[in-house]
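Note sheet for the following structure.
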Amino acid sequence: MRIASWNVNSLNVRLPHLTQWLQSFAPDVVGLQETKLEDPRFPDDALAALGYRSVFCGQKTYNGVAILARERAIDQVQYGIPGFEDEQKRAIAATVGDVRIVNLYVVNGQDVGTEKYGYKLRWLEAVRAWLADELVRHPRMVVLGDFNIAPDARDVHDPTVWNDGHILTSAAEREALQRLLALGLHDAFRLHREDAGIFSWWDYRQAAFRRNLGLRIDLTLVSDALRAHAVEADIDREPRTWDRPSDHAPAWVRLSA
DNA sequence: ATGGTGGGTAGCCCA
């Protein structure tokens with residue numbers, strides 16, 4: 001089964017793209033970020049018509065996350081990070097089949113040293129504590145989402161710009177990601193790929209996509225128990241070529257039975 | 001160093 005993550009940058013605008021992509025790619029599970037929709041406006045009927053059930057947790061204008069599953073029940077839904085007060089709708093978890101799915105829209109952080117950057121690091125620490133507990137009860141886990149962190153120099157188009165001191169690549173952010181991986185999680189893409197220059201996000205400005213000036217910040221992490229089952233992982237650049245696209249492309253992992 | 005583009009929303013914030 002294929003499990004994907006996609007920051008759609010407004011589901012209201014991108015529902016036609018999501019529809020097209022669900023029909024062509026046919027993922028089994030999808031985590032969406034930046035839906036930017038309050039729950040009553042979530043298009044669950046339109047997705048159901050395509051065969052996808054959905055659970056979601058959104059707000060007006062900003063943030064918003066959802067989990068979709070094709071012809072499968074979605075159980076044990078967790079909205080937000082347990083015990084962490086947060087007005088921003090950035091986390092949702094649920095069980096599909098025998099796999100626990102955790103979908104994260106990690107804080108962007110604006111700039112190193114800002115108040116939002118502090119919130120990003122606190123938020124990531126809350127996620128770490130949550131996942132440590134979650135993994136005990138759900139060893140078969142996929143943690144996916146827009147991490148707003150490029151793991152290493154291979155994941156940025158220009159390492160002389162994107163390094164310590166820069167948001168999305170600062171040492172503290174990368175260390176926070178490493179602390180998540182240290183729980184027993186693995187970047188599925190890097191289980192099979194060592195190449196640099198494969199990205200999931202390209203700025204809308206300066207023709208960044210055409211010039212492949214991107215970052216790999218959308219990740220699918222698999223737990224120790226699923227590591228051997230994660231037989232393939234990639235990023236589907238195609239929706240980024242469509243008219244009026246999201247600035248992110250879907251990242252996905254395929255789990256063998 | 002700045003500002004470039006896009007989304008949501010109603011004069012800006014956020015990415």
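Proteins come first, then strands; the chains are lettered A, B, ... in the order of their sequence lines, and each starts at number 1.
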### Query
Taking atom C1' of B:dT9 as reference, at what distance in whole Å does atom CD of A:Gln59 sit?
14 Å
#### Entry: Whole angstrom value for the distance that separates P of B:dT2 from CG of A:Asp111
11 Å
### Query
Under a 4.0 Å heavy-atom cut-off, which of residues 196-216 of chain A touch DNA chain B?
A:Tyr204, A:Arg205, A:Gln206
### Residue whose nearest DNA chain B nucleotide is more 5′ - A:Arg14 or A:His248
A:Arg14
### Summary
A:His17 NE2 to B:dG6 C1', in whole Å, measures 13 Å
### Task
Return the minimal non-hydrogen interatomic distance between A:Asp247 and A:Arg240, and the atom names on each side.
O-NE, 3.2 Å
### Message
Suppose you measure atom P in B:dC14 against the same atom in B:dT9; what distance do you get, rounded to whole Å?
### Response
14 Å
### Task
Nearest whole angstrom, please: distance from the P of B:dG7 to the CD of A:Glu34.
12 Å
### Query
Hey, mind stepping through A:Glu125 and A:Arg122 against salt bridge (charged side-chain N to carboxylate O under 4.0 Å, His left out) and telling me if it holds?
CA-CA 5 Å; A:Glu125 170 52 27; A:Arg122 288 195 304 280; over 6 Å; no
#### Entry: Value in whole Å for how far the C1' atom of B:dG7 lies from CG of A:Asp243
15 Å
### Task
Rounded off to whole Å, could you give me the CG-to-C1' distance for the A:Asn9 and B:dT5 pair?
11 Å
### Task
Run the numbers on A:Arg174 and A:Asp155 for salt bridge (charged side-chain N to carboxylate O under 4.0 Å, His left out), then give the verdict.
CA-CA 12 Å; A:Arg174 284 175 162 168; A:Asp155 303 310; over 6 Å; no
### Task
Just say parallel, tilted or perpendicular for the rings of A:Phe56 and A:Phe42, cut-offs at 30° and 60°.
parallel
### Task
Please report, rounded to the nearest Å, how far the P atom of B:dG7 is from the CG atom of A:Asn7.
12 Å
#### Entry: Length of the line joining A:Lys120:NZ and B:dA15:C1', which is rounded to integer Å
11 Å
### Query
Taking the same atom, P, in B:dA1 and in B:dG11, what whole-Å distance lies between them?
34 Å
### Query
A:Leu124 and side chain to side chain contact (heavy atoms under 4.5 Å, CB included): which partner among A:Leu177, A:Asn148, A:Leu104, A:Ile149?
A:Ile149
#### Entry: Side chain of A:Thr61 (C-beta onward), nearest among B:dA15, B:dT9, B:dG7
B:dT9
### Task
Examine distances only and state if a side-chain atom of A:Ser54 and a backbone atom of A:Leu47 form a donor-acceptor pair shorter than 3.5 Å.
no
### Query
Looking for any heavy atom pair under 4.0 Å, which part of the strands does A:Arg41 touch: base, sugar-phosphate only, or nothing?
nothing
### Query
More than 12 foreign heavy atoms under 6.0 Å from NZ of A:Lys120: is that the case here?
yes
#### Entry: A:Tyr105 side-chain proximity, nearest of B:dA15, B:dT9, B:dG7
B:dA15
### Query
Is any side-chain nitrogen or oxygen of A:Lys60 closer than 4.0 Å to OP1 or OP2 of B:dT9?
no
### Task
Between A:Val13 and A:Asn108, just flag the one whose closest nucleotide in DNA chain B comes earlier from the 5' side.
A:Val13
